[in-house]
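Working notes for the structure below.
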Amino acid sequence: MNTRKPYPTDVSDEEWAFVAPYLTLMTPEAPQRTHDLRAVFNALRWIVRAGAPWRLLPNDFPRWEAVYQQTQRWLAAGSCEAIVHDLRTLLRVAAGREAQPSAVIFDGRTLQSTPESGHRAGYDGHKHKRGAKVHMAVDTLGHLLAVLVTPANDQERAQVAELAQQVQEVTGDTVELAFVDQGYTGAEAAADAAAHGIRLEVVKLPEAKRGFVLLPRRWVAERSFAWAARFRRLAKDYERLPETLLGLHFVAFVCLLLHRAGPLLQVHNTL
């Protein structure tokens, strides 16, 4: 790899030692590998954090075409989802929690469409915004469990079955309770969750609301959305494919959770 001045988004030695086995997808000696894999991962982290188009990737990274193609391979293989799953487990245990959660939070946010994503956008009448809706499930620490991407006009309650199924798959059927907002009310949503062993608990706004109100449990998901919004590639829906938008949320949480797990990874590497 060419010597260059590091970017703040570059992966550390401890972080790379953790993620490299998930990202390799082939033996390091494979003849078809042209670019250093760590340099490609650093380029992906820069793109997601800085929010630049692929073609504006700085010249001291590998070619943008190579970074994009490798990113699509990682997303298709579920590499970043696997990293997030294991980091979430590690951080939960370090915090004195059970390895897998028994309670989660479902919520959604609408991302403004762009010329790249406009062909699949929908109109969110509540937010008065045209774009995509990102539905997320997080544990009570705010760590990502599952993501769905739909047109913005799709209702939250219609995604309960898929979110519940994904949550139980990644946790091993440990989740019993999901905190939700009023967009998830209704007998059908409750039945969809119950079919996967999950009870929905709706957290409502106080009737006499004045200004900002911190809602029990639900604020955790809002904070997770705020974390994701710091990654400028996720500030709007810049992707032609919904699968890419979904996958880049896992890339963002790889960056977030690796940073939090940094002290644990340093201790592990010194043992």
Side chain to side chain, [X] and [Y], heavy atoms closer than 4.5 Å:
{"X": "T171", "Y": "H85", "value": "no"}
{"X": "L248", "Y": "L44", "value": "yes"}
{"X": "L75", "Y": "V251", "value": "yes"}
{"X": "V254", "Y": "W74", "value": "no"}
{"X": "T140", "Y": "V220", "value": "no"}
{"X": "L37", "Y": "T24", "value": "yes"}
{"X": "C255", "Y": "F231", "value": "yes"}
{"X": "V134", "Y": "H249", "value": "yes"}

[atom2] on [Y] to [atom1] on [X], rounded to 0.5 Å:
{"X": "L257", "Y": "L144", "atom1": "CG", "atom2": "CG", "answer": "8.0 Å"}
{"X": "C80", "Y": "L246", "atom1": "SG", "atom2": "CG", "answer": "11.0 Å"}
{"X": "R223", "Y": "I105", "atom1": "CZ", "atom2": "CD1", "answer": "9.0 Å"}
{"X": "W16", "Y": "L265", "atom1": "CH2", "atom2": "CG", "answer": "14.0 Å"}
{"X": "L177", "Y": "E201", "atom1": "CG", "atom2": "CD", "answer": "5.5 Å"}

Taking atom types as modelled, is there a side-chain donor on [X] or [Y] under 3.5 Å from an acceptor on the other?
{"X": "T110", "Y": "R130", "value": "no"}
{"X": "Q69", "Y": "E65", "value": "no"}
{"X": "E98", "Y": "T174", "value": "no"}
{"X": "T89", "Y": "Q100", "value": "yes"}

Kindly give the heavy-atom pair with the smallest separation between [X] and [Y], and that separation in Å.
{"X": "S79", "Y": "L25", "answer": "OG-CD2, 3.8 Å"}
{"X": "H135", "Y": "T150", "answer": "NE2-OG1, 2.9 Å"}
{"X": "V11", "Y": "E15", "answer": "CG2-CB, 3.2 Å"}
{"X": "S113", "Y": "A121", "answer": "CB-CB, 3.8 Å"}
{"X": "A17", "Y": "P21", "answer": "O-CD, 3.6 Å"}
{"X": "A39", "Y": "F61", "answer": "O-CD2, 4.0 Å"}

Check salt bridge (Lys or Arg N to Asp or Glu O under 4.0 Å) between [X] and all other residues, then give those that pass, not counting sequence neighbours.
{"X": "R109", "result": "none"}
{"X": "E116", "result": "none"}
{"X": "R230", "result": "none"}
{"X": "R157", "result": "none"}

Other members of the hydrophobic cluster containing V160, with the 4.5 Å side-chain heavy-atom rule, please.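 V104, F106, L145, L148, L163, V167, V170, V175, V180, Y184, I198, L200, V202, listed by chain and number.
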Can we say D10 and K5 salt-bridge, meaning some charged N sits less than 4.0 Å from an Asp/Glu carboxylate O?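 No salt bridge links D10 with K5.
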Salt bridge check, D124 against K133: does any charged N sit closer than 4.0 Å to a carboxylate O?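 Between D124 and K133 there is a salt bridge, with a charged N closer than 4.0 Å to a carboxylate O.
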Treating Ile, Leu, Val, Met, Phe, Trp and Tyr as nodes and any side-chain heavy-atom pair under 4.5 angstrom as an edge, say whether L141 and F179 lie in one connected cluster.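 In one cluster with L141: F179, no.
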Any chance you could lay out the side chain to side chain contact (heavy atoms under 4.5 Å, CB included) test for F253 and M136, step after step, and finish with the verdict? CA-CA 12 Å; F253 271 85; M136 282 175 40; 4.2 Å; yes
So, is the end of the R63 side chain (NZ or CZ) under 6.0 Å from the ring centre of W54 and within 45° of the ring's axis?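 No, R63 and W54 do not form such a contact.
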So T9 and N42, side chain to side chain contact (heavy atoms under 4.5 Å, CB included) or not? Walk me through it. CA-CA 7 Å; T9 52; N42 282 334; over 6 Å; no
Give every residue pair that meets the salt bridge (Lys or Arg N to Asp or Glu O under 4.0 Å) criterion with at least one member in residues 231-246, sequence neighbours excluded.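 Of all non-adjacent pairs touching residues 231-246, those that pass salt bridge (Lys or Arg N to Asp or Glu O under 4.0 Å) are R120-D237, R233-E239.
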